[in-house]
Amino acid sequence: MAKVKDITRRVAILGGLGGAGYLIAKADSLTMGSGFQNVARVVEDWTMSAQRGLMGDRLAREYRASDISPFFKPNGTYDPGTDEYNGHVAQNFANWRLRIFGLVDKPLSLSLAELRRLPRRTQITRHDCVEGWSAIGMWTGVPMSLLLQAASLKINARYAVLRCADNLTGEPAKGGEQSPGQYYESIDLRDAFHPQTIMAYAMNGKPLDVAHGAPLRLRVERQLGYKQAKYVESIEITDSFSGIAGGRGGYWEDRGYEWYAGI
Ligand SMILES: Nc1nc2c(c(=O)[nH]1)N[C@H]1C(S)=C(S)[C@@H](COP(=O)(O)O)O[C@H]1N2
Ligand SMILES: [Mo]
C-alpha cells in the first residue's frame, strides 16, 4: 500500500499541476485498504486514457539551460554498493553491459562505449517525485525506440521491464517498512517509443554519477520520479508482468503505487 504521507504529498504536488479533483479521488481510494485497490486501478486506467486520449502523445515540457537546478536531490538508492556494482565503478564501467532480451528476435548486449556511439538525444526536463520535490536536469542518452528497433520486437511484445543493480530496503524517508527487493520498473511500448524516452548516460553534460544512477538510467519524462529507473542492467521485453517480482510492474507498484504514474 502507498503510505498516506506519500500520497498526501503527491496530491499536494500534483494538485498544482491541474486535474486535482480526480487525483484526490485516486489518493483517497489508495489510502483506504486493499478492498479499494480495484477502484484505484479503474481510476488509474481512467487517468492513463484521459492523459493519452486528451493530450495525445504530447512532449513533456523542455526547459532552457539556465533553468537547470543547481542541486538535483538524489533519492532512493544513492549507491547500490554490491560487490559487483563496486567492481564496475572501480573499472569505470568498462566491462559493464546492458542486456536487452525477451520477446525480441535479436537480443542485444551493449557496452557503455557502444551506447555512447549511437544517436543520442539531450533534453532538459523537470523531475517530479511523489515526496513533493522537483528538480530540472539535462539528460543525454540513447532513445529507447532505437534500441528496441535494433532488438527487433516480436509481434506479442507489450512491455519493457527494466531491472536495476540495487536492492532497496526500507527507507525512513518513505515511511520505513517496505520489504526488500531488487528495484525494477516497466513501461509499455507506447511510452518506450515516445521520443523523450531515453536511456541516459549523462546528466548536465557529465557522465551520470553513482547517486543519480550510473552508468545508465531511464528517463520517461511524462511520468513521476519512481518510474525513472536508475542503475539499469537489463531491459526485458514481455507481454505481461505477472511472474516478475510482485507482478505489478515495479518495485513501488508492488507496494501500492500506480503503475501508470502520469503527470
Ligand atoms: N534503481 C533505482 N531507481 C530509482 C530509485 C531507486 O531507489 N533505485 N528511486 C526512484 C525515485 S523515487 C526517484 S524520485 C528517482 C530519483 O532520482 P535521482 O536520485 O536522480 O534524484 O529515482 C527513481 N529511480
Ligand atoms: Mo521519487
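Remember, it's 1-based here, ligands and their atoms both numbered in the order they're listed.
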Which ligand 1 atoms are under 4.0 Å away from a heavy-atom of Ala211? 19 (O)

Quick one: which of Arg163, Gln228, Arg217 has a heavy atom closest to atom 20 (O) of ligand 1? Arg217

Can Trp139 be said to touch ligand 1, with heavy atoms closer than 4.0 Å? no

Mind checking what makes side-chain hydrogen bond (donor to acceptor under 3.5 Å, both in side chains) contact with Tyr231, not counting sequence neighbours? none

Tyr184 OH to Leu168 CG distance, which is reported to the nearest 0.5 Å: 12.5 Å

Go through the steps for His194 and Asp191 under the test side chain to side chain donor-acceptor pair (under 3.5 Å), then give the verdict. CA-CA 5 Å; His194 185 276; Asp191 262 323; 5.5 Å; no

Atoms in ligand 1 flagged as close to Asp166, the criterion being non-hydrogen separation under 4.0 Å: 1 (N), 2 (C), 6 (C), 7 (O), 8 (N)

Between Arg97 and Ser109, is any side-chain donor less than 3.5 angstrom from a side-chain acceptor? yes

Tell me whether Ala165 reaches ligand 1 (any heavy atom closer than 4.0 angstrom to a ligand atom). no

Any nitrogen or oxygen of Trp252, main chain or side chain, under 3.5 Å from a nitrogen or oxygen of ligand 1? no

Can you tell me which portion of Asn75 lies within the under-4.0 Å heavy-atom range of ligand 1? Options are side chain, backbone, both, or neither. both

Heavy-atom contact check, 4.0 Å cutoff: does His127 meet ligand 1? yes

Considering non-hydrogen atoms only, spot the tightest contact between Tyr251 and Gly181 and give its length. CE1-O, 3.7 Å

Which atoms of ligand 1 sit under 4.0 Å from any heavy atom of Phe72? 20 (O), 21 (O)

Are the side chains of Thr125 and Arg219 in touch, meaning some heavy atoms are under 4.5 Å apart? yes

Only heavy atoms count here, so choose which of Cys129, Ser134, Gly225, Gly76 is nearest to atom 23 (C) of ligand 1. Gly225

